[in-house]
Amino acid sequence: MKDLVTYLVSNLVENQDAVRVDELAGEAARVYEVRVAPEYLGKLIGKQGRTIRSLVSLVNAAATKTGVRVSVEVVES
């Protein structure tokens, strides 16, 4: 799942080295913290949050097949 999040986010930004995804595993769910360079933050979130909501929907759909609950959070660097 982390690979999917990394793939999706790195294709949104021009500099793939500016992307960092951390996985925090809990008992009930996994949290993916996404960090990008400040200049790409607006591109990741998108107009009125549409891009990040779409990314979260894709990850949730993939996670449903595996039976794991996931959460994606954008963290400022």
Side-chain angles (χ1 to χ4, degrees):
M1 202 60 58
K2 180 179 176 181
D3 294 335
L4 175 65
V5 175
T6 304
Y7 174 78
L8 292 171
V9 173
S10 63
N11 281 308
L12 289 173
V13 300
E14 295 170 11
N15 183 7
Q16 282 81 19
D17 296 332
V19 175
R20 188 171 129 209
V21 178
D22 296 323
E23 180 178 9
L24 305 172
E27 289 181 26
R30 291 186 185 156
V31 177
Y32 295 98
E33 291 184 345
V34 178
R35 288 179 169 78
V36 294
E39 60 266 17
Y40 300 125
L41 196 57
K43 191 176 247 187
L44 175 64
I45 295 172
K47 190 178 252 185
Q48 296 181 352
R50 289 183 183 143
T51 305
I52 192 66
R53 277 192 305 225
S54 298
L55 186 137
V56 169
S57 295
L58 285 170
V59 173
N60 281 329
T64 301
K65 290 185 175 186
T66 62
V68 176
R69 294 182 53 119
V70 297
S71 174
V72 178
E73 296 179 0
V74 177
V75 180
E76 290 188 47
S77 299

**Prompt:** Between CD of E14 and OH of Y40, what distance do you get to the nearest 0.5 Å?
**Reply:**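 That separation rounds to 5.0 Å.
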**Request:** For V36 and V19, work out which heavy atoms get closest and say how close.
**Result:** CG1-CG2, 4.1 Å
**Asked** Taking all non-hydrogen atoms of both residues, which atom of T51 and which atom of G46 are closest, and how far apart?
**Response**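 Looking at all heavy atoms of both residues, the shortest contact is OG1-CA, 3.4 Å.
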**Asked** Would you say V59 and V31 are hydrophobically clustered, going by side-chain heavy atoms of ILVMFWY under 4.5 Å?
**Response** no
**Message:** Grouping I, L, V, M, F, W and Y whenever their side-chain heavy atoms are under 4.5 Å apart, do V74 and L24 come out in a common cluster?
**Reply:** no
**Asked** Any side-chain heavy atom of M1 sitting closer than 4.5 Å to one from L4?
**Response** yes
**Qualifying residue for side-chain contact (heavy atoms from CB on, under 4.5 Å) with V34, from L44, L55, I52** =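 With V34 as partner, L44, L55, I52 yield a single side-chain contact (heavy atoms from CB on, under 4.5 Å), made by L44.
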**Prompt:** Does any pair with a residue in residues 23-32 pass salt bridge (Lys or Arg N to Asp or Glu O under 4.0 Å), and if so which ones, sequence neighbours excluded?
**Reply:** E23-R30
**Prompt:** More than 12 heavy atoms of other residues, nucleotides or ligands under 6.0 Å from CZ of R69: is that the case?
**Reply:** no
**Prompt:** Looking at residues at least two apart in the chain, or sitting in another chain, which of them share a side-chain hydrogen bond (donor to acceptor under 3.5 Å, both in side chains) with R20?
**Reply:** D22
